[in-house]
Amino acid sequence: MSTKQENIDVSVWRGDPHSGNYENFKVPAHESQTILDVVSWIQQNQDATLSYRYACRVGMCGSCAMMVNGIPRWTCRTHVKKVLKGKKLEVAPLRNLPVIKDLVTDMDTFFDKWISAEGLHHPSKTRLDPIEEIEPKSLGRVEINAGIECINCSICYAACDTVTNNSDYLGPAALQRAWTVYNDVKDADKQTVLNAVSGDGGCLNCHSQGSCSVHCPNDLNPMNAIAGLKRATATSFFNRKG
Amino acid sequence: MIRPHRKHSLWLAYILHRISGFGLAVFLPFHFYLLSLVLTEPDRLDGFLSWTDTPIVKFAEFGLVFLLAVHFFGGLRLMALEFLPWSISQKTLVALAIASAFLIATIFFLQVI
Ligand code: HEM
Ligand code: SF4
Ligand code: SF4
Ligand code: FES
């Protein structure tokens, strides 16, 4: 145990949908401390009115994402040591989403875009039909595997500059979801998915900057999924006449 | 300063592609105009061509070839990344694209001086 308590200088964004600014706090440093620990400590010991969001604390629910020193991260699984700059931390609400209060963003548009991208199951059978067998090593299933571990944290959405520049862009997570549906042999309406993802806000907006894949905490690769949708869109375009 | 969430090689490749594409777009009208001088005013074209022999213009030409090479290989990289389904090796492609662009531009540079 060290005799002298070390502090971290934490600058936290405070505000409402219209305005706000950074407020500084000194937080005692500990071994194995996460960003979420730091934010919780401030809320419990310094300012009970600080608003933030979390639930599982183990990287499963996707609710705790924030901008940490300018990079979108899951705060419950981000160790302070990994991201500390000097002894400073800057914590802000996720980029590309409207702020409700302090560190809490309104994720409605993010989830609505999953629906707009047709990231939905379109059933092909009734309960009376036998269950379709899926070969685990089949190409489609392998593509799906790469995408279904998404926890809806919106980190990729916050990292994407195309979302920043075009508010209609469906974004990496929704498009990746659509790609898994498109590859599902149990899905009956692939043309609807394709129409949804190849329209105005669709996959062709993506410039393959890859910030989504670099920052996804689950090491998913939405950029890759979007490339798949681009190929499917191109193929269907050239096949239209035939 | 580059914002923190953009500090990775794929974003670097993207911005190089955009800047080089923009640079080429700015250059091309001048290029076409000069080529048109062959038909309209051959004497002025000759005068201009002798001006292009000066080292500073040679250096600018190096820049242009560099832009084209960056954009060309960057474009090939993008098309490979998006149209070939084996894109785990994307980062290697980024490195390869930049390296090849640099190589070609340097060879050109050494030939003109
Ligand atoms: C040499 C062959 C070329 C190839 C293979 C190529 C390839 C590409 C590709 C794939 C893109 C899309 C990038 C993206 O989605 O972000 C692009 C963008 C662009 N290209 Fe080219 N290009 C070539 C030549 C040129 C030339 C000669 C010009 C100049 C007129 C040019 C100007 C641009 C511009 C301004 C963009 C937009 C940049 C962006 O979207 O980031 N390109 N190019
Ligand atoms: S793809 Fe990754 S970063 Fe995007 S929402 Fe899903 S888990 Fe989060
Ligand atoms: S690869 Fe596409 S979806 Fe991902 S961050 Fe870049 S522009 Fe956005
Ligand atoms: S609190 Fe659930 S992912 Fe961080």
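Just so we're on the same page: letters track the sequence lines, and every chain starts at 1. As the structure is a prediction and not an experimental result, all values here were calculated from the model.
Within 6.0 Å of CG in B:D53 there are more than 12 heavy atoms belonging to other residues, nucleotides or ligands. More than 12 heavy atoms of other residues, nucleotides or ligands shown are found within 6.0 angstrom of NZ on B:K7. Heavy-atom contacts from other residues, nucleotides or ligands closer than 6.0 Å to CZ of A:F111 number more than 12. Heavy-atom neighbours of A:L139 CG from other residues, nucleotides or ligands within 6.0 Å: at or below the threshold of 12.
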Item to check | B:Y14 vs A:D161, side chain to side chain contact (heavy atoms under 4.5 Å, CB included): CA-CA, chis, key distance, verdict | outcome: CA-CA 11 Å; B:Y14 156 81; A:D161 290 337; 5.8 Å; no
Checklist entry - Could you go step by step and tell me if B:R18 and A:H207 meet the side chain to side chain contact (heavy atoms under 4.5 Å, CB included) rule? => result CA-CA 10 Å; B:R18 175 138 303 182; A:H207 293 283; 3.4 Å; yes
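Under the 4.5 Å side-chain criterion, counting only non-hydrogen atoms from C-beta, A:Q209 is not in contact with B:H17.
The heavy-atom pair separating A:R231 from B:E82 by the smallest distance is NH1-O, 3.0 Å.
Applying the salt bridge (charged side-chain N to carboxylate O under 4.0 Å, His left out) criterion to A:R14, with sequence neighbours excluded, gives A:E23, A:D47, A:D102.
Only the side chain of A:A234 comes within less than 4.5 Å of a heavy atom of chain B; its backbone N, CA, C and O stay farther away. Contact annotation for A:N69: only backbone heavy atoms (N, CA, C, O) come within less than 4.5 Å of a heavy atom of chain B.
Distance OG/A:S208 to CE/B:M79: 12.0 Å, rounded to 0.5 Å. Rounded to the nearest 0.5 Å, atoms OG (A:S211) and CG (B:L10) are 8.0 Å apart.
Between B:H5 and A:H215, the ring-plane angle classifies as tilted under the 30° and 60° cut-offs.
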